[in-house]
Structure formats: structure tokens, C-alpha cells
Asker: 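What follows is a single structure, and I will ask about it in a moment.
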Protein chains: 2
Amino acid sequence: MDTFIEPIGRLINEFSKLPGVGRKTAQRYAYHIIGMQEQEALAFADAIVNAKKKVRFCKICGNFAEEEICPICRERDPSVICVVKEPKDVVCIERIHDFRGAYHVLHGVIDPINGVTPNKLHIRELVERIEKGNVQEVIMATNPDVEGEATAAYLAKLLKPLGVKVTRLSRGIPIGSELEYADEATLTRALQERKEL
Amino acid sequence: MDTFIEPIGRLINEFSKLPGVGRKTAQRYAYHIIGMQEQEALAFADAIVNAKKKVRFCKICGNFAEEEICPICRERDPSVICVVKEPKDVVCIERIHDFRGAYHVLHGVIDPINGVTPNKLHIRELVERIEKGNVQEVIMATNPDVEGEATAAYLAKLLKPLGVKVTRLSRGIPIGSELEYADEATLTRALQERKEL
């Protein structure tokens with residue numbers, strides 16, 4: 001006998017597709033849905049359909065948008081562009097409430113081993129934005145891993161000849177952590193890029 | 001400016017309602033949905049609606065069912081009934097592939113402080129099953145916490161006069177764990193209920 005009846009098994013399968021969700025967690029989620037009021041469950045399903053149907057990519061920066069142009073591109077200073085790997089990275093930077101410029105979402109980083117070459121990323125669109133003028137600085141905010149660093153270096157080489165300032169987020173020991181817990185690569189970088197007090 | 005556009009914010013809100021899911025995890029799930037193929041996302045939403053519409057409670061044991069009577073009640077030995085708090089506990093016991101009897105799902109445990117009195121649980125239905133005869137043993141498999149123990153004790157008192165054997169899952173040190181990690185209550189119980197070798 002199957003452990004789950006078909007509708008529950010199917011729902012567990014769907015939840016298992018979410019990132020980091022194993023069978024046990026998926027089961028917990030599925031049982032929670034079945035325990036919901038019908039209206040609540042329908043609202044949940046509708047939110048999925050609605051998000052999938054309404055969310056598209058901003059024509060300028062490539063971030064998620066409901067309209068052709070996202071709210072950030074409509075309202076903010078376009079002379080400073082922060083380049084990130086994915087839409088979720090925009091959320092991270094927005095959360096610090098400190099950056100007033102615009103973004104450019106690459107939708108990936110250069111990773112030749114996995115077949116991601118520069119032409120598969122939204123790089124041409126970035127070059128076009130810069131060629132139109134008005135951009136003064138491009139901040140590379142790709143992750144400080146191998147692919148992120150390579151992508152930042154590649155873009156710097158590509159964009160500098162266009163007469164734009166290219167910068168990179170600083171790397172070093174995270175605020176509030178301890179030296180003891182910093183990995184060697186981070187500590188090496190923190191030492192190399194030490195600042196005078 | 002809101003961090004999320006409306007359809008994404010709404011989807012994150014829905015995911016936050018799942019047990020143990022905070023804002024950050026909900027955001028990850030929502031972004032994953034938006035990254036899915038449209039057909040996949042629609043299948044996900046449909047699985048929710050489908051489960052909510054098709055799953056009901058077995059008229060005999062109270063477990064989840066598609067039909068009036070669940071597959072376990074249709075096919076298994078009804079003379080031994082294992083009493084559990086919730087449908088998910090049935091899954092736990094089914095997983096050991098050792099129990100061949102039937103179940104009874106209480107849909108909660110007695111918890112007067114939170115307003116759960118015996119009449120709010122599926123106890124009347126259990127008594128009816130026993131009164132119809134043919135039941136030889138009732139195994140109390142409620143959790144070994146205060147409410148679970150109280151419910152087991154309450155039911156034992158209620159059911160024994162009906163001429164049925166009432167048993168309780170044994171409590172003690174979990175197999176494969178170490179004495180060092182057993183809490184005092186478990187250790188006390190393991191000592192009290194020690195077995196002769």
C-alpha cells in the first residue's frame with residue numbers, strides 16, 4: 001500500500017521541487033495545506049499562478065517587473081549601475097537602504113565548464129546602457145567566488161574602454177564575526193586590502 | 001519603495017504561512033516558482049487545489065482519504081487499533097512496515113489549557129468502533145509528552161470497561177543513541193521500565 005493517497009503524494013512531490021526541501025519537509029507543507037481552510041488554499045494556489053503570469057523582466061535592467069520598466073529604473077539615479085548575478089541579489093542590496101543608483105541583472109555568471117559563456121548573460125544590454133552615455137560608475141556586485149570574480153574581471157575589461165569607472169564591492173572579514181572563523185582566503189584578502197587608520 | 005513588486009510579495013506572504021518558513025526561505029521559494037516553466041508552476045498550483053478538493057476524512061478512522069473509507073480501513077485487520085494524534089502519525093507508523101492493524105486518528109490531544117476537551121476529539125467514534133465488537137486491542141500511540149500521556153490515560157480509563165485490551169507504546173532510550181544524550185525523564189522511564197534479560 002502506498003504511504004500516501006494520490007492527491008497528497010502529488011502535492012508532496014510538488015513541494016519537494018522547492019530548493020532545499022526534502023521529502024519530510026514537503027510532507028509537512030502538504031499536510032499544512034490540507035489542514036487549511038479551502039479559501040486559504042485556493043489563495044495560495046492563485047498566488048503561484050498570479051506571480052508566474054504577471055512577473056516579467058524589466059527591459060532596462062533585467063530585474064523582475066510587473067510593467068515594461070521596473071520601479072527602480074523608473075525612479076532612481078541611472079548614472080550609477082550596480083551589476084548583480086540574480087534578481088534576489090537586488091533584494092539583498094535594497095535591504096541596506098543605502099544604495100540610490102540603478103541595477104543590472106546578468107541572470108548568471110560566466111561559467112564555461114557549465115556552458116555559461118558571456119553571450120548567454122545580459123551583458124550586451126549592459127554595454128548598450130553604457131554606450132547611451134550618462135553612466136558614470138558601474139559597481140560589480142557579483143559573488144566573491146571563482147565565477148563571480150571572473151565575471152567581474154571580464155566586465156571590467158569590457159567596460160573600462162567605454163570611459164566608465166568600474167568598481168568592485170570590498171571583500172574582507174564580515175562585520176560582527178571573529179578572525180577565528182574567517183576562512184583563509186578571506187583572511188588573505190583582508191590582509192592584502194588592509195586600510196590605513 | 002517596496003522591496004518586492006506586488007505579485008512576488010503576495011507569493012512570499014503565502015509561502016511564509018507554511019510551518020517553519022520565515023521570510024527569507026519564503027523568498028527563496030517564491031523566486032524558484034518564478035524561475036519555473038509556466039506549465040510547472042501551474043501544475044504546482046493545481047496540486048494544491050486538487051489536494052484541498054479531493055482529500056477528506058475516512059468515516060471510520062479519521063485519517064485522510066479520497067473515498068469514504070480509507071485504503072487501510074478497507075484492507076487491514078480491524079481487531080487491533082492504533083490510536084494517534086494526527087494523520088501524519090499514521091505515516092510514521094506505516095513507514096516501519098511492521099504494523100498490520102488499523103488506526104484511529106484523534107485529530108488532537110486533550111489540552112484543557114488550550115480549550116481542547118475530550119468532546120472536541122474523535123473519541124466518540126473510537127468508542128463506537130469498540131462497542132461494535134471485534135476489537136481486541138487498542139494501542140495508544142499518542143506522543144510521550146504531557147498531553148499525549150494524559151490523553152492515553154484518559155482513553156485507557158474510558159475503554160477498558162468495554163472489555164478491550166489497552167496498551168501503550170514503550171518509552172525509553174532511542175535505539176542508536178547514547179545514554180549521555182538521553183534527557184532525565186527518558187532515563188528515569190527507561191530505568192523504571194527495565195526488562196529482564
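Since the model is a prediction, treat every value here as computed from it, not as a measurement. Numbered from 1 within each chain, the chains take letters A, B, ... in sequence-line order.
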Asker: Treating Ile, Leu, Val, Met, Phe, Trp and Tyr as nodes and any side-chain heavy-atom pair under 4.5 angstrom as an edge, say whether B:Val55 and B:Val91 lie in one connected cluster.
Answerer: yes

Asker: Give the cluster check for B:Val164 versus B:Val83: same hydrophobic cluster or not, with ILVMFWY residues linked at side-chain heavy-atom distances below 4.5 Å.
Answerer: yes

Asker: Quick one: which residues of residues 131-159 of chain B reach chain A at under 4.5 angstrom, heavy atoms only?
Answerer: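 Contacts with chain A: none.
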
Asker: Honestly curious: do A:Val166 and A:Leu106 fall in one hydrophobic cluster under the side-chain, below-4.5 Å linking rule?
Answerer: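 Result: yes, single cluster for both.
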
Asker: Are B:Ile69 and B:Phe64 connected in a single hydrophobic cluster, I mean Ile/Leu/Val/Met/Phe/Trp/Tyr linked by side-chain heavy atoms less than 4.5 Å apart?
Answerer: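 No.
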
Asker: Just how far is it from atom CZ of A:Phe4 to atom CD of B:Glu94, taken to the nearest 0.5 Å?
Answerer: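 Answer rounded to 0.5 Å: 10.5 Å.
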
Asker: So which bits of residues 18-54 of chain A come within less than 4.5 Å of chain B, counting non-hydrogen atoms only?
Answerer: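 A:Leu18, A:Pro19, A:Gly20, A:Val21, A:Lys24, A:Gln27, A:Arg28, A:Tyr29, A:Tyr31, A:His32, A:Ile33, A:Ile34, A:Gly35, A:Met36, A:Gln37, A:Glu38, A:Glu40, A:Ala41, A:Leu42, A:Ala43, A:Phe44, A:Ala45, A:Asp46, A:Ala47, A:Ile48, A:Val49, A:Asn50, A:Ala51, A:Lys52, A:Lys53, A:Lys54 fall under the 4.5 Å cut-off.
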
Asker: How about A:Glu184: does its CD atom have over 12 heavy atoms from other parts shown lying under 6.0 Å from it?
Answerer: no

Asker: Could you tell me whether B:Glu128 atom CD has more than 12 heavy atoms of other residues or ligands within 6.0 Å of it?
Answerer: yes

Asker: Are B:Val116 and B:Val109 co-members of a hydrophobic cluster defined by side-chain heavy atoms under 4.5 Å apart?
Answerer: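 Per the 4.5 Å side-chain linkage, B:Val109 and B:Val116 are not co-clustered.
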
Asker: What is the distance from atom CD1 of A:Ile72 to atom CD1 of B:Ile5, rounded to the nearest 0.5 Å?
Answerer: 10.5 Å

